[in-house]
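Reading through the structure tokens given below for one structure.
Because only heavy atoms are used, hydrogens play no part in the values below, and waters and symmetry mates are left out as well, while side chains stay in. A, B, ... follow the sequence lines: proteins, then strands. Residue 1 opens every chain.
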Protein chains: 2
Amino acid sequence: MADAPIKILIADDEPDIIEIISFHLMKAGFDIATARDGSEAIEKAKLFEPDCIILDVMMPKRTGFEVCEYLRSNSQFDKTLIVLLTALNDEASHIKGLELGGDDFVSKPISPKVLISRITALFRRIQSAAGDSKIVTTNGLTINPAQYRTSLNGVQYILAKKEFELLYLLAAQKGRVFLRNEILSQIWGNDVIVGDRTIDVHIRKIRAKLGINCITTVKGVGYKFDY
Amino acid sequence: MADAPIKILIADDEPDIIEIISFHLMKAGFDIATARDGSEAIEKAKLFEPDCIILDVMMPKRTGFEVCEYLRSNSQFDKTLIVLLTALNDEASHIKGLELGGDDFVSKPISPKVLISRITALFRRIQSAAGDSKIVTTNGLTINPAQYRTSLNGVQYILAKKEFELLYLLAAQKGRVFLRNEILSQIWGNDVIVGDRTIDVHIRKIRAKLGINCITTVKGVGYKFDY
DNA sequence: CTGATTATTATCAAATTGTTAACTAAACAA
DNA sequence: TTGTTTAGTTAACAATTTGATAATAATCAG
């Protein structure tokens, strides 16, 4: 729901595992925090407010199960995904983990790629369940189509429907030049006939409202988002 | 909004597997349909409209991957969960499956209990992402769907049924814009026909009763809760 | 410099929503 | 049942916002 990078907390008592996983998740663009035992995991969870927590089942102080149970009893973490890791490939703990409110369960040895694609799949599914589509973010400019909201460096700008749709169309494929015809058929549809100047006027309004030149004119061709 | 039994389609070419899985899933209260190959899976999916499809990767006619790809390219199945089954415990196909839009990936031999708990966990997570039946609290405003009660800074406000449902629908997914059509189908259902002004009037009543502007109009699009 | 393309501005028409009041249906108590 | 209250819907109109166009100015490419 937040238009920020996805935050993941990794809790495991084996430094090697933490290192490998966090390396790969960072490379995949996630924002990472780590913890070495169950108690630390809970503390960090409260401060860091991650979107997803990866918990080793076997940890000192509090096991992953205990942490999971704690998090699930606290409404602050209603929307936090919990992925449990275990060395055992044992059915009972697998089921137990899911019943305690875990969202996924991965057995060691862990393949970072598999872990990343599982987490990605979970987020994808949740976003689509919540009716979200893709949020565009560049240089402090955020365009959120589910909320019809545009903000620049934290300040909100209210765009009209057509303005917003036009901006989103261009921004969703940053750098690509859209011909006037493409824009017309995408935003207005193939059967509606409007003049060419109409596009210009909307582009102008977007530029004026945001106060930045995020849309570049490609003379004789069309427009592109470049920011 | 409908609390009908959850429908699951199982597609596998091994009759034994189908039998075992469908037996356990039925026992767990799901509504089951089956298919023996990829093509049949697609046909049945269209007719049966399952909430979840369990696909064996290795199937005649069309593989599970192909079926998955097909389903994901068809917006009718946007909200359908896809669980892939495979005999291979091979990382590449695991990742491939998730990238094709699968939601979970389970390796054979399959434990029915594990399968059920994974499916249950997925549904649980999706429901909560979609804003299911939880008390909403923001800035002193509390909306309790179990009791149909609303209070603002400790003071109770009595909303009528439709007013309450409308407020809750929006508030459960704060920030998200709901199209008028979405609102109509969620609150009134797909077969009831009411005029557009009806929504406005209820929105107005909510705003008047609470005395705050917790619902924002997004002109030409719909409404959103923002408070 | 010149012709073509785009930017700007103001204006008007159209679409959308807000508001009120009246009417109908449902729920409830006497 | 009857009368009364409450909720839900609709219609009519007002207010607002948005979108399209035209006319003019500015800009760019050759």
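Ion pair Arg62(B)/Asp37(B) not flagged as a salt bridge, since none of the NZ, NE, NH1 or NH2 atoms sits closer than 4.0 Å to an Asp/Glu carboxylate oxygen. Salt bridge annotation for Asp196(A)-Arg180(A): present, with a cationic side-chain nitrogen under 4.0 angstrom from a carboxylate oxygen. Salt bridge Lys7(A)/Asp51(A): absent, no basic N to carboxylate O contact under 4.0 Å. Of the charged side-chain nitrogens involved, none lies within less than 4.0 Å of a carboxylate oxygen, so that Arg207(B) and Asp200(B) do not count as a salt-bridged pair.
Between Leu71(B) and Ala45(B), the shortest heavy-atom distance links the atoms CD2-CB, 4.3 Å.
dT16(C) atom P lies 19 Å from atom CD1 of Ile158(A), rounded to whole Å. For the pair Leu179(B) CG and dT17(C) P, the interatomic distance rounds to 11 Å; values are reported in whole Å. Distance Tyr148(B) OH to dA27(C) P: 14 Å, rounded to the nearest Å. We find that CG of Asp200(A) is positioned 9 Å from C1' of dT5(C), with the value rounded to whole Å. Whole-Å rounding puts the Asp196(B) CG to dT19(C) P distance at 16 Å. Atom CD1 of Ile215(B) and atom P of dT19(C) are 13 Å apart (whole Å).
One finds no side-chain N or O of Arg180(B) lying less than 4.0 angstrom from the OP1 or OP2 phosphate oxygen of dT16(C). For Thr217(B) and dG18(C), the shortest distance from a side-chain N or O to OP1 or OP2 is below 4.0 Å. One finds no side-chain N or O of Arg197(A) lying less than 4.0 angstrom from the OP1 or OP2 phosphate oxygen of dT9(C). At dG18(C), one or more side-chain N or O atoms of Tyr223(B) fall inside 4.0 Å of OP1 or OP2 (strictly under the cut-off). Between Arg204(A) and dT9(C) there is a side-chain N or O to OP1 or OP2 distance below 4.0 Å.
Both Val218(A) and Lys205(A) lie near DNA chain C, and the one whose nearest nucleotide falls closer to the 5' end is Val218(A). Summary of the strand contacts: Ile199(B) and Leu159(A) both lie near DNA chain D, and taking for each the nucleotide with the nearest heavy atom, the more 5' one is attributed to Ile199(B). Residue Gly220(B) is the one, among Val201(B) and Gly220(B), whose nearest nucleotide of DNA chain C lies closer to the 5' end (criterion: closest heavy atom).
In 5' to 3' order, the nucleotides of DNA chain D bounding all contacts with chain A (an atom under 4.0 Å from a heavy atom) are dT18(D) to dC28(D).
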Could you walk me through whether Tyr223(A) and Glu182(A) pass side chain to side chain donor-acceptor pair (under 3.5 Å), step by step? CA-CA 10 Å; Tyr223(A) 295 93; Glu182(A) 287 181 276; over 6 Å; no
Going through the distances and angles, do Arg72(B) and Asp103(B) end up as a salt bridge (Lys or Arg N to Asp or Glu O under 4.0 Å)? CA-CA 11 Å; Arg72(B) 279 294 167 255; Asp103(B) 294 297; 3.1 Å; yes
Is there a salt bridge (Lys or Arg N to Asp or Glu O under 4.0 Å) between Glu40(B) and Arg36(B) once you walk through the steps? CA-CA 6 Å; Glu40(B) 198 186 339; Arg36(B) 278 159 202 234; 5.3 Å; no
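The bend of the helix from dC1(C)-dG30(D) to dA30(C)-dT1(D), defined by the angle between the axes of its first five and last five pairs, stands at 40° to the nearest 10°.
Side chain Lys219(B) to base dT17(C): no donor-acceptor pair is found below 3.5 Å.
In this structure, the separation between CZ on Phe178(A) and CG on Leu170(A) is 6.0 Å, given to the nearest 0.5 Å.
Between Tyr168(B) and Phe164(B), the ring-plane angle classifies as parallel under the 30° and 60° cut-offs.
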